There are 2 protein chains.
Amino acid sequence: MTTKRVKGTIKKAYQDKEPVLLAVDCIIFGFDIEGLKLLIFKRHYQPLAGEWSLLGSFVERDENIKDTAHRVLKEVTGFNKIFVEQLHTFGSVARDSGDRVVSIAYWSLIKLNEQNTHLNVEGYEAKWVDFKKVPKLVLDHNEMVNVALSRLRERARIRPIGFELLPDKFTLPQLFNLYQAIYQTTLDDRNFRRKILRSGLLLELGEKDKSTSKRGAQLYKFDYDRYEQLTKEGYLFEI
Amino acid sequence: MTTKRVKGTIKKAYQDKEPVLLAVDCIIFGFDIEGLKLLIFKRHYQPLAGEWSLLGSFVERDENIKDTAHRVLKEVTGFNKIFVEQLHTFGSVARDSGDRVVSIAYWSLIKLNEQNTHLNVEGYEAKWVDFKKVPKLVLDHNEMVNVALSRLRERARIRPIGFELLPDKFTLPQLFNLYQAIYQTTLDDRNFRRKILRSGLLLELGEKDKSTSKRGAQLYKFDYDRYEQLTKEGYLFEI
DNA sequence: CCAAAAGTGTTTTAATTACACCCATGA
DNA sequence: TCATGGGTGTAATTAAAACACTTTTGG
């Protein structure tokens with residue numbers, strides 16, 4: 001016990017042992033007309049090759065952990081302007097079958113209907129799956145997904161994060177469907193509209209999206225600047 | 001880039017390099033008559049010996065990271081029945097001056113007025129400091145404290161964790177003062193009482209605490225069972 | 001008897017809920 | 001012209017906010 005107590009005194013001994021390995025795994029959500037989805041990958045290396053998995057990588061010695069996540073995400077999504085947030089670090093001794101690997105999970109939201117739908121999945125076998133029907137994944141990856149889903153729900157309630165899953169220009173029916181999908185519930189559309197518009201965070205664009213109806217639905221974009229401003233003033237978004 | 005892509009292909013190379021070290025640091029909050037406080041420690045090992053710091057330890061190879069946190073906390077607090085939650089993992093390359101150390105921060109709430117006020121601080125030089133006047137700590141520990149404080153505020157709003165900072169038996173004025181301290185604001189005591197009592201989560205004990213007034217204040221305890229029950233039914237605590 | 005802290009009610013205002021029909025348009 | 005999805009208003013209920021005095025009791 002006393003040998004463990006203090007960092008300094010045990011470092012040498014610690015380094016001589018087989019080290020704890022450090023990895024990053026990414027939970028990637030997307031949303032389209034069919035609903036909320038998760039991006040999963042077929043592992044093509046041992047152990048557990050051929051099974052479905054989240055995408056991850058080891059953390060390099062000279063790499064910020066945040067950069068590991070961005071590296072992994074950039075490689076598949078091609079881009080950049082996506083929402084990424086650290087989720088939780090998973091570190092049970094038994095979580096990986098072989099080595100001791102501690103994994104820092106990051107969750108990410110990508111705008112599926114954007115041009116970046118063209119995922120750079122060469123070299124990977126990847127697929128989007130309905131978030132309600134995620135297959136068995138390797139190790140504790142299903143648990144990671146569950147934690148990410150809770151976090152998404154928690155965050156979406158108090159932060160305007162839904163917009164990260166929609167194209168830059170979106171319609172109220174899209175946003176409405178997104179919230180219904182996230183919370184797996186039905187909402188009253190009149191009340192939803194009133195509440196979201198009251199926040200003053202949507203800019204009406206004066207354009208219409210006619211892809212889903214003859215009449216067309218008003219397009220909006222999220223006013224990030226105003227949100228920044230309001231947040232500074234102590235405003236709390238809540239839906 | 002391609003060499004980094006897949007865990008399997010790089011593992012051997014990865015292990016030959018100097019490893020990334022993994023540590024746990026704990027942010028410990030307490031609350032007493034004087035207000036909300038943070039427990040800090042004087043480092044008695046190099047580097048940075050003599051400076052104020054959070055308490056931490058390296059993660060042992062055969063130890064769950066959660067257990068590392070509990071080990072650290074148990075050693076100082078003597079006990080057990082304390083609130084501990086993972087906060088965030090800090091992993092900038094430059095965060096530690098010497099080795100590459102990634103640190104998983106845990107935050108904790110302890111019931112100061114309990115008998116466990118008798119912290120087992122032999123061997124440590126420790127002190128409670130006002131959370132508004134935290135001195136310069138080593139490395140990125142001040143940032144950790146700030147993140148923990150945000151988390152405390154976020155959590156206290158939507159989960160009944162205030163109780164984790166109070167003795168098992170507490171009075172409404174105590175709880176009221178705690179919330180005022182956490183949010184650094186003044187609240188209306190009538191509205192606060194009504195709201196907290198309406199939740200039905202406080203059990204009136206029929207005893208009075210006369211330590212702060214002649215009249216004495218009604219003692220309550222938090223009804224954990226009822227909270228469990230309500231939570232299952234979809235109840236959301238909010239203060 | 002009085003200082004000091006504990007405790008209590010009401011009114012006003014704002015938000016939430018529940019609910020059903022008209023609008024615009026392309027095929 | 002009609003089927004389809006987009007859009008709108010109001011009343012009832014409930015929660016939030018604002019506000020000041022009375023109670024208890026040990027010293």
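Values reported hereafter were calculated over all heavy atoms of this structure, with side chains retained and with hydrogens, waters and symmetry mates removed. Bear in mind that the values here come from a model prediction, so they are computed numbers and not experimental data.
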Determine whether A:S103 and A:D25 satisfy the following criterion, side-chain hydrogen bond (donor to acceptor under 3.5 Å, both in side chains), listing intermediate values before the conclusion. CA-CA 7 Å; A:S103 174; A:D25 286 299; 2.6 Å; yes
First of A:S213 and B:A217 reached from the 5' end of DNA chain C, by closest nucleotide: B:A217
Taking ring-ring contact (aromatic ring centres under 6.0 Å, His included) as the definition, give me every residue that meets it alongside A:F192, ordered by chain and number, with sequence neighbours left out. A:F176, A:Y179
May I ask you to decide if B:K132's main-chain N or O and B:D130's side chain share a donor-acceptor pair within less than 3.5 Å? yes
Do the non-hydrogen side-chain atoms of B:S199 and B:Y227 ever get within less than 4.5 Å of each other? no
Across all chains, not counting sequence neighbours, the salt bridge (charged side-chain N to carboxylate O under 4.0 Å, His left out) partners of B:K221 are none
Could you list all N or O pairs between the protein and nucleotides 21-23 of chain D that sit under 3.5 Å apart?
unit_1 : atom_1 : unit_2 : atom_2 : d
D:dT23 : O2     : B:R215 : NH1    : 2.3

Residues which pass ring-ring contact (aromatic ring centres under 6.0 Å, His included) with B:Y224, listed by chain and number, not counting sequence neighbours: B:F222
Is there any salt bridge (charged side-chain N to carboxylate O under 4.0 Å, His left out) pair reaching into residues 178-190 of chain A, and which pairs are they, with sequence neighbours excluded? A:D188-A:R190
Distance col, row A:F170:CZ vs A:Y220:OH, nearest 0.5 angstrom, shows 9.0 Å
Holding to salt bridge (charged side-chain N to carboxylate O under 4.0 Å, His left out), I want the full list of residues that pass it with A:E204, two or more places apart in sequence or in another chain. none
Taking only residues two or more places apart in sequence, or in another chain, which ones meet B:E34 in a salt bridge (charged side-chain N to carboxylate O under 4.0 Å, His left out)? B:K37
Would you compute the distance between atom CG of B:L201 and atom CZ of B:F163 and round it to the nearest 0.5 angstrom? 6.5 Å
Nearest heavy-atom neighbours spanning B:I27 and B:A105: CD1-CB, 3.9 Å
By salt bridge (charged side-chain N to carboxylate O under 4.0 Å, His left out), which residues pair with B:R155, not counting sequence neighbours? A:E154, B:E85
Using whole Å, report how far CD of B:E238 lies from C1' of D:dT14. 15 Å
Show the nearest heavy-atom pair for residues B:Y106 and B:I65, with the distance to one decimal. OH-CG1, 3.4 Å
Between residues 176-193 of chain A and DNA chain C, which residues have a heavy-atom gap below 4.0 Å? A:D188, A:R190, A:N191
What is the 5' to 3' range of DNA chain C, first to last nucleotide, that sits under 4.0 Å from any heavy atom of chain B? C:dA3 to C:dT10
Numerically ordered, the residues 194-207 of chain B set in heavy-atom contact under 4.0 Å with DNA chain C is B:R194
End-to-end axis angle, where each axis spans five pairs of the helix from C:dC1-D:dG27 to C:dA27-D:dT1, to 10°: 0°
D:dG6 C1' sits how many Å from A:K210 NZ, rounded? 12 Å
Taking C-beta and beyond as the side chain, do B:F237 and B:R157 meet within less than 4.5 Å on heavy atoms? no
